[in-house]
Amino acid sequence: MQRIAILISLLAVFSVSSVAQAQEEFSYPGPYVQLAGSYARCSFNLTDGGGNDCSDGLESSFGLNGRIGYRFNRFFTVEGQIEWISGFDAKQSILTPGAGNPTEASAEAITYTINARFYPMEGRIQPYAIAGLGGENVWLNS
């Protein structure tokens, strides 16, 4: 009977330590880098009162997204993020006002932010709350 109690105790200790190790595997402190692709769909309205949206005149676009950050502990991360959208190109030539000649047009954007992430739970799946501050540069080319 005493051997069974010792065996059960050892199994309990090993199972608890393996769960703790598995949780630490997904939330260890240190630096990280993430690269991803993105797809931007032009969907804002041209006028405040409705009307056609920009998808009638501009094509949607692909881009890149990158993050670099540092996880200080299992609850807190700080990261920098940048996203580049390659260009919303005009689907057709537009007329230059007063000139009457067709002009090609496109819009390109870079967004950059500094974020803080807060993780309330540990494990393989880790929901988080994020707060950040950033800006965006947009270039209109014709």
Minimum heavy-atom separation for [X] to [Y], with atom names?
X: Gln126; Y: Glu122; result: CG-C, 4.4 Å
X: Ser86; Y: Ser61; result: OG-OG, 2.8 Å
X: Ala109; Y: Val138; result: CB-CG2, 4.1 Å

Looking at CZ of Arg117 and CD1 of Ile130, how far apart are the two atoms once the value is rounded to the nearest 0.5 Å?
-> 5.0 Å

Only counting residues at least two apart or in another chain, list the ones meeting side chain to side chain donor-acceptor pair (under 3.5 Å) with Glu108.
-> Trp84

Under the side chain to side chain donor-acceptor pair (under 3.5 Å) test, residues paired with Tyr32 that sit two or more places apart | Glu79

Using links of under 4.5 Å between side-chain heavy atoms of ILVMFWY residues, direct or through other members, which residues join [X] in one cluster?
X: Ile68; answer: Val33
X: Phe75; answer: none
X: Tyr39; answer: Phe62

Given side chain to side chain contact (heavy atoms under 4.5 Å, CB included), test Ser38 with Leu64 step by step and report yes or no.
-> CA-CA 6 Å; Ser38 59; Leu64 297 173; 5.9 Å; no

Scan residues 126-137 for pairs that pass salt bridge (Lys or Arg N to Asp or Glu O under 4.0 Å), counting only residues two or more places apart or in two chains.
-> none

Between Ile82 and Ile110, is a side chain to side chain contact (heavy atoms under 4.5 Å, CB included) present by the stated rule, with each step listed?
-> CA-CA 7 Å; Ile82 188 165; Ile110 293 181; 3.9 Å; yes

Check the pair Leu133 / Ile114 against side chain to side chain contact (heavy atoms under 4.5 Å, CB included), numbers first and verdict last.
-> CA-CA 5 Å; Leu133 182 63; Ile114 299 292; 5.5 Å; no

Does the side chain of Val78 reach to within under 4.5 Å of the side chain of Phe72, using non-hydrogen atoms?
-> yes

Considering only heavy atoms from C-beta outward, does the side chain of Tyr70 approach that of Pro31 to under 4.5 Å?
-> yes

Residues in ring pair (Phe, Tyr, Trp, His ring centres under 6.0 Å) contact with Tyr128, at least two apart in sequence or another chain | Tyr119

Partner set under side chain to side chain contact (heavy atoms under 4.5 Å, CB included) for Phe118, not counting sequence neighbours = Phe76, Ala116

